[in-house]
Chemist: 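Here's a structure for you.
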Amino acid sequence: MRKLVYYVAVSLDGYIAGPNGEYDFYPIADDMAAWITERYPETIPTHIRPHAGMAVDTPNREWDTVLMGRGSYEPAYSVGVTSPYAHMKQYVISTTLGAVDDPAVEVVDSDPVALVQRLKNEEGKGIYLCGGGTLAGVLVDEIDELVIKSYPVIAGAGVPMIANGFSPTQFTITQRREFSNGTQVTWATRA
């Protein structure tokens, strides 16, 4: 069975983006950027890959499917990139976006839990939950693993990592790694 993995950047106070979707406040480090492109190449959007020194056709390692909420899809879409992860099957979960004129992107305006349950039973690599916090909140019971990039910065306000009511869910930490910018990556599996 395929796993749903929430791979996400988060501030020390639990925000994945600022109040207006900002994410440029995370400190960048060369060693971390090199590690990301090597370990999780599929997380680099197709149109960004050449700027990151990657071939557009760099193979996926972990995931072949990506789920995005509208807020995660919007930065690329707003500059005319309709298929930001052309190297994966792309689903945008949104009741407000409407159809996208790109056959590589499927907009899902119904139950995302049913979609994930169906995808988990299909053949393939894992499923990358790209964000955002509202979608993660809806899918929290379906998240099998977390890969949290915890940056040493306080945002103060914004989009929470998981926007959901009080619902304690235990995970087991399996690994940690730290980079030169002070960012720690933590891997956790559902307990």
Side-chain angles (χ1 to χ4, degrees), residues 1-10 16-17 21-24 26 28 32-139 142-149 151 159 161-162 185 187:
M1 179 177 272
R2 300 166 78 189
K3 293 181 180 177
L4 179 63
V5 181
Y6 189 21
Y7 172 87
V8 64
V10 66
I16 62 174
E22 306 93 340
Y23 54 87
D24 58 352
Y26 291 124
I28 297 173
M32 185 174 178
W35 175 82
I36 290 170
T37 58
E38 172 65 28
R39 179 69 173 88
Y40 295 109
E42 55 267 74
T43 65
I44 309 300
T46 310
H47 63 288
I48 302 294
R49 288 176 165 208
H51 305 289
M54 294 175 65
V56 172
D57 61 352
T58 299
N60 299 336
R61 291 187 55 164
E62 301 287 329
W63 309 302
D64 62 8
T65 304
V66 61
L67 302 180
M68 300 169 269
R70 181 176 181 161
S72 297
Y73 181 66
E74 196 71 41
Y77 189 60
S78 68
V79 296
V81 178
T82 57
S83 182
Y85 294 97
H87 51 279
M88 290 193 276
K89 176 65 180 152
Q90 302 166 87
Y91 295 92
V92 179
I93 315 303
S94 175
T95 58
T96 60
L97 181 62
V100 172
D101 190 22
D102 192 318
V105 176
E106 184 175 333
V107 177
V108 177
D109 63 0
S110 59
D111 184 10
V113 172
L115 170 66
V116 169
Q117 290 172 344
R118 179 178 59 84
L119 292 173
K120 282 183 171 185
N121 286 309
E122 293 177 355
E123 291 294 319
K125 294 181 182 241
I127 305 160
Y128 164 35
L129 175 54
C130 179
T134 301
L135 181 56
V138 171
L139 294 175
E142 295 297 324
I143 296 172
D144 300 295
E145 296 178 5
L146 300 167
V147 181
I148 302 170
K149 298 174 292 179
Y151 287 84
V159 179
M161 182 177 131
I162 296 181
V185 177
W187 290 261

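Only this structure's heavy atoms are used, side chains among them; waters, hydrogens and symmetry mates stay out. Please read these numbers as outputs of a predicted model, since none were measured by experiment.
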Chemist: At what distance, to the nearest 0.5 angstrom, does OH of Y6 lie from CD1 of I148?
Modeler: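 So the OH of Y6 and the CD1 of I148 are separated by 9.0 Å.
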Chemist: Check whether more than 12 heavy atoms from other residues, nucleotides or ligands sit under 6.0 Å from atom CD of E22, and answer yes or no.
Modeler: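 Atom CD in E22 is packed in, count exceeds 12.
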Chemist: Nearest 0.5 Å, please: how far is CG in D109 from CD1 in I93?
Modeler: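 One finds 9.5 Å between CD1 of I93 and CG of D109.
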Chemist: Do D101 and T82 come within less than 4.5 Å of each other through their side chains, counting heavy atoms only?
Modeler: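 Contact flag for D101/T82 side chains = no.
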Chemist: Are the side chain of R70 and the backbone N or O of T96 linked by a donor-acceptor pair below 3.5 Å?
Modeler: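 Yes: the side chain of R70 pairs with the backbone of T96.
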Chemist: How many angstroms lie between atom CG of D64 and atom CD of E42, to the nearest 0.5 angstrom?
Modeler: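 If we round to the nearest 0.5 Å, D64:CG and E42:CD are 9.0 Å apart.
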Chemist: Could you tell me the separation between the OH atom of Y7 and the CG atom of L129, rounded to the nearest 0.5 Å?
Modeler: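 Reported value, rounded in 0.5 Å steps: 13.0 Å.
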Chemist: Within the structure provided, determine whether M54 and I44 are in side-chain contact (heavy-atom separation under 4.5 Å).
Modeler: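 SC-SC contact between M54 and I44 confirmed.
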Chemist: Measuring from atom CD of E74 to atom CE of M68, what distance do you get when rounded to the nearest 0.5 angstrom?
Modeler: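 With rounding to 0.5 Å, CD (E74) is 11.5 Å from CE (M68).
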Chemist: Side chains of V113 and L139: does their closest heavy-atom pair fall under 4.5 Å?
Modeler: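 Yes; the side chains approach each other to less than 4.5 Å.
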Chemist: Do L97 and Y73 touch side chain to side chain, with heavy atoms closer than 4.5 Å?
Modeler: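 Heavy-atom side-chain distance check passes, below 4.5 Å.
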Chemist: Would you find a donor on one side and an acceptor on the other, under 3.5 Å apart, between the side chain of D102 and the backbone of A104?
Modeler: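 Answer holds: yes.
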Chemist: Would you say R39's side chain and A34's backbone share a donor-acceptor pair under 3.5 angstrom?
Modeler: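 Not at all, since once roles are kept as given, no pair shorter than 3.5 Å links the two residues.
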Chemist: A side-chain contact here means heavy atoms from C-beta on lying under 4.5 Å apart; do R2 and T65 qualify?
Modeler: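 Side chain of R2 against side chain of T65, heavy atoms only: contact under 4.5 Å found.
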Chemist: Decide yes or no for W63 and T43: does some side-chain heavy atom of the first lie under 4.5 Å from some side-chain heavy atom of the second?
Modeler: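 The answer is yes, as the side chains (C-beta and beyond) meet within the 4.5 Å cut-off.
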Chemist: So, D144 side chain and V5 main chain: donor-acceptor pair closer than 3.5 Å or not?
Modeler: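 A pair under 3.5 Å: no.
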Chemist: Return yes if a side-chain donor-acceptor contact under 3.5 Å exists between Q117 and E142, otherwise no.
Modeler: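 Per modelled atom types, Q117 and E142 side chains form a pair under 3.5 Å.
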Chemist: Could you tell me if K89 sits above the aromatic ring of Y91, with its cationic atom closer than 6.0 Å to the ring centre and no more than 45 degrees from the axis?
Modeler: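 Yes, cation above the ring, under 6.0 Å and within 45°.
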Chemist: Kindly say whether V10 contributes a backbone atom to a donor-acceptor pair with the side chain of K149 at under 3.5 angstrom?
Modeler: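 No, the answer is negative, given that no donor and acceptor are paired below the 3.5 Å cut-off.
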Chemist: Report, as yes or no, whether the 6.0 Å neighbourhood of atom CD1 on I48 holds more than 12 heavy atoms from other residues, nucleotides or ligands.
Modeler: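 Correct, the count exceeds 12.
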